[in-house]
Every structure is written in structure tokens, then in C-alpha cells.
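Report on the structure given below.
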Amino acid sequence: MSVLRKSGLAFVLLLLFWILVFDFQRILFSIHNLEKISEHSFWEWIQVFFHSIRLDLATGSILSVIPILFLTSFMVLKKRFLFVLFKVILLIEVLLVSMIHAGEINAYGEWNHKLTSRVFMHLSNPDEVFRTADHSMTFWFIFYLILEVTFGWKISRWLFKKERFKANEEKLAWRFAVFMPILPLMLGVYFVFARGGFQQIPINIDAAYFSKNYVINDVSVNSPYFFGKSFLLFNRSNIGDYLSNYEEKELYSTLDDFFNYEKEHDNYILENTSPNLVFVILESWTSTVSSRLSGQPGATPEFDALTEEGVLFTNLYATGSTSEIGNASIFSGYPALPEISISMQPFKHRKLKSLNQSLAPRGYTAGYLFSGDLKYGNINSYFNDHGFERIQDESDFPAGLGRGKLNYYDEDLYSMFLDKINQQDEPFIECAFTGSTHSPYDYPGHNKPKWTGAEKNFMNSVIYADQCLSDFIDSAKQQPWYENTLFVIVADHGHASPYVTDPSDAELYRIPLLLYGPALKDSARGMVIDKVGSQADIAQTLLKQMHVDTQDDYPWSKDLLSPHVPEFALLATTRGFGWVTPQGKFTFHLDYQRYIVNSFEEEALIRERKRCDAFMQLLYEHYEDL
């Protein structure tokens with residue numbers, strides 16, 4: 001029964017092969033990210049190799065299906081080319097798995113989460129990827145790719161020697177007779193392994209989770225499984241399958257306070273209703289970089305000083321974790337949904353209003369300037385489709401300026417921005433999107449004390465960017481248009497900091513929002529607004545202050561200066577969603593259907609989860625109808 005025995009051997013060795021590959025990747029990941037791993041005990045790290053087995057078997061089973069077909073066909077037919085095809089297919093799979101993991105090793109230090117299918121959005125502009133990565137990241141990607149492929153090839157040569165799988169039976173008919181019932185049996189067992197057993201709910205990522213720390217859990221989950229689940233969810237045509245299905249009456253009763261709160265009030269903070277609007281969108285400025293917002297040592301003394309003369313919003317949250325999502329939320333008042341980037345879908349985002357379109361009847365013109373490449377995230381298309389008269393990026397900067405890999409330095413961005421504003425007739429909306437606080441953090445040096453410790457490169461880039469922002473405001477004060485100007489200073493999204501690194505923690509999404517400038521009433525200077533809201537609420541807040549009748553143009557945006565506004569923020573987190581109110585916050589993971597963070601009491605959690613679900617359901621229905 002040589003075919004039977006050798007088929008069983010092939011079945012087992014393929015699973016062993018993938019477990020060895022995944023464990024080798026875990027070791028490489030741990031070495032490269034030793035600073036993060038070393039915060040935990042060696043015993044906890046060792047447990048990874050046991051808790052990961054079920055998910056590794058599931059992934060290995062999926063990856064073994066095609067190779068086992070060719071390997072067993074070689075046993076039956078004894079054709080050399082079938083064994084060669086087996087090796088080629090196995091090597092291709094190793095290459096793909098290694099590319100995913102080599103990319104993850106490099107990105108993890110910056111993103112603090114595993115690689116997801118959103119990488120395809122980045123890869124649509126490959127030059128952006130290589131410019132964001134410094135030379136060392138490119139080197140390490142290639143190094144780990146070669147190392148992992150070499151390891152896979154060496155192990156495959158050791159486990160899958162051709163002589164080991166040559167069947168002894170002479171007659172082809174006999175080999176077929178033995179083989180035919182074996183193949184469906186093996187594929188059936190692979191299927192059972194792939195779903196994690198016979199239980200009703202198939203295996204999921206949580207099968208490898210065992211620690212209270214996300215880094216250890218991320219090591220435990222093999223990269224191709226996580227990436228594959230992300231890819232399947234990201235490409236679902238109907239993410240509504242993951243959302244609630246309440247009847248319309250129940251939806252609106254659950255969110256009654258959102259739809260029916262008192263919109264009229266007399267809490268006005270502007271000197272007049274038609275100020276110039278100057279947006280400064282700060283790349284990655286999470287709230288914890290500011291001492292004023294976090295109460296801890298920060299990197300933004302100049303920004304903190306500006307808050308004393310402006311209106312500071314202390315509980316504003318980014319709607320997502322990428323720049324294109326942040327921009328669309330700020331200018332169109334549109335929240336984010338999990339795994340959906342509306343700026344990447346022109347046929348939908350064109351149906352949304354934007355701030356400049358609402359103000360165009362008053363004679364406002366609009367300009368947008370970025371120090372990098374606006375192809376990323378389809379940002380250029382978004383602003384072009386929404387009628388910005390001037391959209392400029394790195395291609396419009398004068399020759400001869402020093403620059404980093406990703407973008408021109410903030411100091412030169414502000415200099416060019418000021419020059420562009422000086423050429424505009426009032427009133428205007430002018431927007432600058434900074435870049436020096438984005439990796440690889442190759443900003444010019446500064447004379448201020450250097451930050452040390454965790455996230456030092458990011459924090460030092462913030463120190464530089466903070467000084468550039470202050471210098472820009474000082475220069476703007478010398479311009480004739482300054483006296484009738486409101487500066488809207490806000491981040492595009494958050495970032496890991498020395499105080500918060502977990503990408504599932506809602507605190508990582510909290511960002512600064514400051515309204516500043518002579519357009520404010522004296523009584524508003526130094527005001528602090530602690531209402532919970534998101535970037536999507538900026539549009540309605542500003543337009544109400546400017547007495548613009550928005551009608552139904554911004555149905556998902558709230559007026560944060562209304563005394564009656566309901567307080568909540570919806571977050572599209574990595575592979576899930578979050579919800580924040582004054583009573584607490586939670587983040588929920590779509591893959592393994594579990595709360596990652598929760599600070600609500602039990603009764604409040606039930607109530608707020610229902611409100612969150614209802615809000616997302618209505619938002620998704622609106623998105624689908626666009």
C-alpha cells in the first residue's frame with residue numbers, strides 16, 4: 001500500500017512545512033522588533049509557538065491543497081514534470097507568503113498592526129511606498145524576503161525528496177484504485193483543518209490570541225491568514241453583512257437625539273459670517289503629542305501656546321487611520337466605515353457636498369497645497385471633483401529646494417503656502433497639508449531638545465513641525481488678509497506615541513482641533529470645547545457659525561458648538577470600528593467578533609453598541625445609495 005502510505009506522508013509533511021515557515025517568520029519578526037517584544041516575558045513569547053498551531057494548521061491546509069494535487073499525481077503517474085510543478089507551485093506560495101511577511105516586519109514598527117489588504121491602495125502608487133520607506137526599510141524588506149524564500153526552499157528540499165514519494169506498485173490501474181478514495185479524503189481533512197474543526201463557527205484569528213498584549217497576539221497570528229482575511233473583507237461588495245439589520249422605526253428611535261436635537265443656538269464665536277478660512281492639516285498629529293491635550297510631556301510647545309488664544313476641541317477623533325479618509329471627512333462631513341475609503345470611489349464621493357461648494361455662492365475660492373504626491377488615496381481627484389480651483393503638490397514646488405524622500409519640508413510648504421494665499425482675493429478657503437511628520441521623518445534638524453525613547457523619530461519630527469507651524473502663523477500675522485481669517489488647525493489622523501501604541505485603542509484616534517485667529521470674538525479666545533465629536537463634525541460646526549443654510553447637505557455632521565448636540569464619535573479602526581461617548585469608549589474587531597477595548601459599564605455598553613450599530617447601518621445604507 002505504498003501510495004496510501006506515501007500520500008499520508010505528503011499530507012503530514014506539507015502541514016509541517018508550513019508550520020516551520022510560519023515559526024521561522026515569527027522568529028525573524030521578533031528579532032527585528034525586539035524593542036517591542038522585549039517588554040514582555042520570554043515565557044509569554046514562547047507560548048506563541050503553541051497557541052498559534054491551530055491557526056497555522058488552518059492556513060497550512062489552505063496552502064497545501066494545490067501542492068498535494070500535484071504531489072499525489074506524481075505518485076500515481078510517475079511523471080517527473082508533475083514533481084517539478086509541485087516544487088514550482090510550493091515556491092510561488094512561499095514567495096507570496098514571504099512578501100507579505102517581509103512587508104509586515106518593516107511596516108509594523110510604524111503602523112503597530114499587521115499588514116492588511118489596504119496595502120493595495122498604497123501599491124497603486126508604488127513610488128509612494130518606496131519614498132515613504134527609508135533605505136534601511138527597503139534593504140530589510142529585500143533581506144527578509146531572500147532569507148524567508150531561501151529557508152522555505154531549503155526546508156522543501158529536505159522534506160520533499162523525489163525518491164521519498166515514488167510509489168512501489170507497478171501497475172498504473174492499481175495505483176489509481178488505491179489513490180482515488182485517498183484524494184477526496186485528504187482534501188476533506190484539509191477542509192476540516194481549514195475551518196478549525198467541526199464546530200458551528202469556523203476558526204478565526206482569535207484562535208491564536210491568548211495574551212492581553214496586542215504585540216504578542218500579532219506575533220501569534222500568522223501573516224498570510226491575517227492578510228487573507230483582510231483581503232476577503234476588504235473586497236466584499238456588501239460589508240453590510242457585518243452590520244446590524246434593524247427595522248427603520250427602530251433605527252430612528254435609537255438615534256432620536258441625533259436627528260432631533262435643537263439645532264438653533266446663540267453660541268457664536270466669529271466676528272462676522274464670512275471670514276477667510278485657512279486649513280492647516282497636520283500629518284499624524286495625535287493628541288498625545290500635545291501637553292495641553294494629554295497632560296503629559298509633549299512635543300508641541302508652540303501649538304500649546306496658540307491654544308491659549310483660540311478655541312480648542314479636546315475630544316475630537318479622527319474617523320479613520322489614513323490621510324484620504326481624514327480629508328474627505330473634514331471637507332465633506334462624512335464619517336468612515338470599516339474597510340471603505342470613499343475618496344477612492346469618485347462615483348460616490350462626487351455626490352457629497354464639500355465646504356468650498358457650500359461657500360462658493362458667497363464668492364469663496366478654494367486652494368489646496370500638499371508637499372508630497374496627491375495621487376495617494378485619490379486625494380487629488382477628490383478635491384478636483386469638488387471644485388477646488390487650485391490643487392498643487394510636489395510637482396508644483398520650485399526647483400532647487402531641499403526635500404525628504406516623501407515630500408518637501410514643512411518650512412518650505414508654509415513659505416509657498418503663504419505666497420499662494422497672498423495672491424488670492426478674499427474671501428477664500430486655503431488648505432495646506434503637511435508632511436514632515438510622516439515616516440521616514442527625514443526633516444531638517446532643529447535646535448530644540450531631542451526626544452528620546454519610544455517613538456523618538458516621530459516625536460522629534462513633531463518638534464520640528466511645531467516650530468514650522470508657529471513660524472507660519474507669525475508670518476501670516478504680517479499679511480493684510482490676516483485680520484479677517486480663521487485658522488482651522490487639525491490632524492488628518494492619529495499616530496502611535498510614547499503614551500499610546502495599540503492601534504485598536506480609541507485614544508490613538510484622538511487628535512487636536514484648534515480654531516485660531518482674529519476672526520474669533522474676544523470672548524471666544526481661550527475657550528475649551530470638551531464635547532465628543534469627530535472630523536466629520538467640522539463641516540457642520542463651521543457652516544453653522546457662518547450662518548450657511550446647509551439643508552441636508554451634511555446629514556452625518558454635527559454642530560459641536562451647539563449646547564444640545566449629542567456627543568459621540570464613530571471610528572473606522574484597523575479591521576473593525578470604535579465608538580466614543582462621554583461615558584466611555586469601545587473598539588470592536590470584525591475578524592474575531594470581540595471587543596478589543598471597552599470602558600463602558602455593562603448596561604451602558606449594550607445601549608451604546610446598539611446606537612453604534614444603528615448609526616453604521618444608516619450610514620452604510622446612505623453610502624450604498626450614493
Inset, instruction - Check whether any side-chain N or O of Thr434 sits under 3.5 Å from a backbone N or O of Glu283 as a donor-acceptor pair, and report yes or no. - result: yes

Legend entry - Distance-only side-chain donor-acceptor flag, Glu302 / Ser470, under 3.5 Å: yes

Inset, instruction - Start with the C-alpha distance between Tyr364 and Phe428, add both sets of side-chain angles, then the distance that settles ring pair (Phe, Tyr, Trp, His ring centres under 6.0 Å), and finish with yes or no. - result: CA-CA 5 Å; Tyr364 278 78; Phe428 52 71; 8.1 Å; no

Inset, instruction - Return the set of residues passing ring pair (Phe, Tyr, Trp, His ring centres under 6.0 Å) with Tyr441 (not counting sequence neighbours), or none when no residue passes. - result: none

Legend entry - Other residues, nucleotides, ligands: >12 heavy atoms within 6.0 Å of Asp474 CG: yes

Legend entry - Lys/Arg cation over aromatic Phe258: Lys558, 6.0 Å, 45° cone: no

Legend entry - Salt-bridge present (Lys405, Asp442; N to O < 4.0 Å): no

Legend entry - Heavy-atom side-chain proximity of Asp393 to Leu369 below 4.5 angstrom: no

Inset, instruction - Go through the structure and list residues passing side chain to side chain contact (heavy atoms under 4.5 Å, CB included) with Asn272, not counting sequence neighbours. - result: Ser274, Pro275, Asn484

Legend entry - Centroid-centroid under 6.0 Å between Tyr317 and Tyr509 rings: no

Inset, instruction - Take Thr288 and Leu293 through the side chain to side chain contact (heavy atoms under 4.5 Å, CB included) test and state the conclusion after the steps. - result: CA-CA 7 Å; Thr288 49; Leu293 288 169; over 6 Å; no

Legend entry - Euclidean distance, Ser371 OG relative to Leu401 CG, rounded to 0.5 Å: 11.5 Å

Legend entry - Salt bridge Asp257-Arg611, side-chain N to carboxylate O under 4.0 Å: yes

Inset, instruction - Scan side-chain atoms only and decide if Ser341 and Glu324 contain a donor-acceptor pair under the 3.5 Å cut-off. - result: yes

Legend entry - Backbone of Ser354 reached by a side-chain donor or acceptor of Gln357 within 3.5 Å: yes

Inset, instruction - Report yes or no: does Asn422 contribute a side-chain atom to a donor-acceptor pair with the main-chain N or O of Leu418 at less than 3.5 Å? - result: yes

Legend entry - Heavy-atom side-chain contact between Leu270 and Leu486 under 4.5 Å: yes

Inset, instruction - Can you sort out the partners of Ser329 under side-chain hydrogen bond (donor to acceptor under 3.5 Å, both in side chains), two or more places apart, ordered by chain and number? - result: Thr319

Inset, instruction - Would you please indicate yes or no on a ring centroid separation below 6.0 angstrom for Tyr334 and Tyr554? - result: no

Legend entry - Flag side-chain contact, heavy atom, 4.5 Å: Asp466 against Trp285: yes

Inset, instruction - Would you check if Ile342 and Leu626 make a side-chain contact, meaning some heavy-atom pair closer than 4.5 Å? - result: yes

Inset, instruction - Return yes if a side-chain donor-acceptor contact under 3.5 Å exists between His32 and Asn106, otherwise no. - result: no

Legend entry - By side chain to side chain contact (heavy atoms under 4.5 Å, CB included) - contacts of Ser284 (at least two apart): Phe458, His493, His495

Legend entry - Flag side-chain contact, heavy atom, 4.5 Å: Ile330 against Gln535: yes

Legend entry - Ion pair check, Asp553 and Lys353, cut-off under 4.0 Å: yes

Legend entry - Under 3.5 Å donor-acceptor, Asp410 side chain and Gly435 backbone: yes

Legend entry - Residues that Lys477 engages under salt bridge (charged side-chain N to carboxylate O under 4.0 Å, His left out), provided they are two or more places apart: none

Inset, instruction - Show your working on side chain to side chain contact (heavy atoms under 4.5 Å, CB included) between Phe586 and Val597 and close with a plain yes or no. - result: CA-CA 5 Å; Phe586 70 71; Val597 172; 5.9 Å; no

Legend entry - Beyond-backbone contact of Lys456 with Pro498, side-chain heavy atoms, under 4.5 angstrom: no

Inset, instruction - May I have the step-by-step check of side chain to side chain contact (heavy atoms under 4.5 Å, CB included) for Ile489 and Ile281, ending in yes or no? - result: CA-CA 6 Å; Ile489 304 171; Ile281 302 173; over 6 Å; no

Legend entry - Short side-chain to backbone donor-acceptor contact, Arg525 and Gly517, under 3.5 Å: yes

Inset, instruction - Could you check if a side-chain atom of Leu277 sits within less than 4.5 angstrom of a side-chain atom of Glu430, using non-hydrogen atoms only? - result: no

Inset, instruction - Tell me whether the centres of the aromatic rings in Phe433 and Phe279 are closer together than 6.0 Å. - result: no

Legend entry - Flag, side chain of Asn407 to backbone of Arg403, donor-acceptor distance under 3.5 Å: no

Inset, instruction - Indicate yes or no for a side-chain donor-acceptor contact from Gln479 to the backbone of Ser475 under 3.5 Å, with no hydrogens or angles considered. - result: yes

Legend entry - Pairwise distance OG(Ser321) to CG(Leu508) - rounded to 0.5 angstrom: 9.0 Å

Legend entry - Nearest-0.5 Å distance, CZ of residue Phe303 to OH of residue Tyr516: 11.5 Å

Inset, instruction - Determine the interplanar angle of the Phe568 and Trp579 rings, folded into 0 to 90°, and report it as parallel if under 30°, tilted if 30 to 60°, perpendicular if over 60°. - result: parallel

Inset, instruction - Indicate whether the side chain of Asp304 and that of Thr300 have a donor and an acceptor atom separated by less than 3.5 Å. - result: yes

Legend entry - Derivation and outcome, salt bridge (Lys or Arg N to Asp or Glu O under 4.0 Å), residues Lys544 and Asp559: CA-CA 7 Å; Lys544 286 292 184 183; Asp559 176 11; over 6 Å; no

Inset, instruction - Give the minimum heavy-atom separation between Asn267 and Gln545, together with the two atoms involved. - result: O-NE2, 3.0 Å

Inset, instruction - Could you tell me whether a side-chain N or O of Ser557 sits under 3.5 Å from a main-chain N or O of Gln540, the two making a donor and an acceptor? - result: yes

Legend entry - Exam field: side chain Thr573 to backbone Phe577, donor-acceptor pair closer than 3.5 Å: yes

Inset, instruction - Would you give the length of the straight line joining atom CG of Leu542 to atom CG of Leu561, rounded to the nearest 0.5 angstrom? - result: 8.5 Å

Legend entry - Centroid separation His564 to Tyr261 less than 6.0 Å: no

Inset, instruction - State, with a plain yes or no, whether a side-chain heavy atom of Leu514 is found less than 4.5 Å away from one of Val490. - result: no

Inset, instruction - Count the heavy atoms of every other residue, nucleotide or ligand shown that sit under 6.0 Å from CD of Gln423, and state whether that count exceeds 12. - result: yes

Inset, instruction - Please state whether the rings of Tyr382 and His386 are parallel, tilted or perpendicular, taking 30° and 60° as the class boundaries. - result: tilted

Legend entry - OG-NE2 distance between Ser461 and His438, expressed to the nearest 0.5 angstrom: 10.5 Å

Inset, instruction - Nearest 0.5 Å please: distance from the CG atom of Leu513 over to the CG atom of Asn315. - result: 11.5 Å

Inset, instruction - Could you walk me through whether Met459 and Lys450 pass side chain to side chain contact (heavy atoms under 4.5 Å, CB included), step by step? - result: CA-CA 9 Å; Met459 295 296 283; Lys450 296 291 193 298; over 6 Å; no

Legend entry - Partners passing side chain to side chain contact (heavy atoms under 4.5 Å, CB included) against Gln296 (at least two apart in sequence or in another chain): Ser294, Tyr499

Inset, instruction - For residues Tyr443 and Tyr409, establish whether the separation of their ring centroids is below 6.0 Å. - result: no

Legend entry - Thr314 backbone acceptor or donor facing Arg510 side chain under 3.5 Å: yes

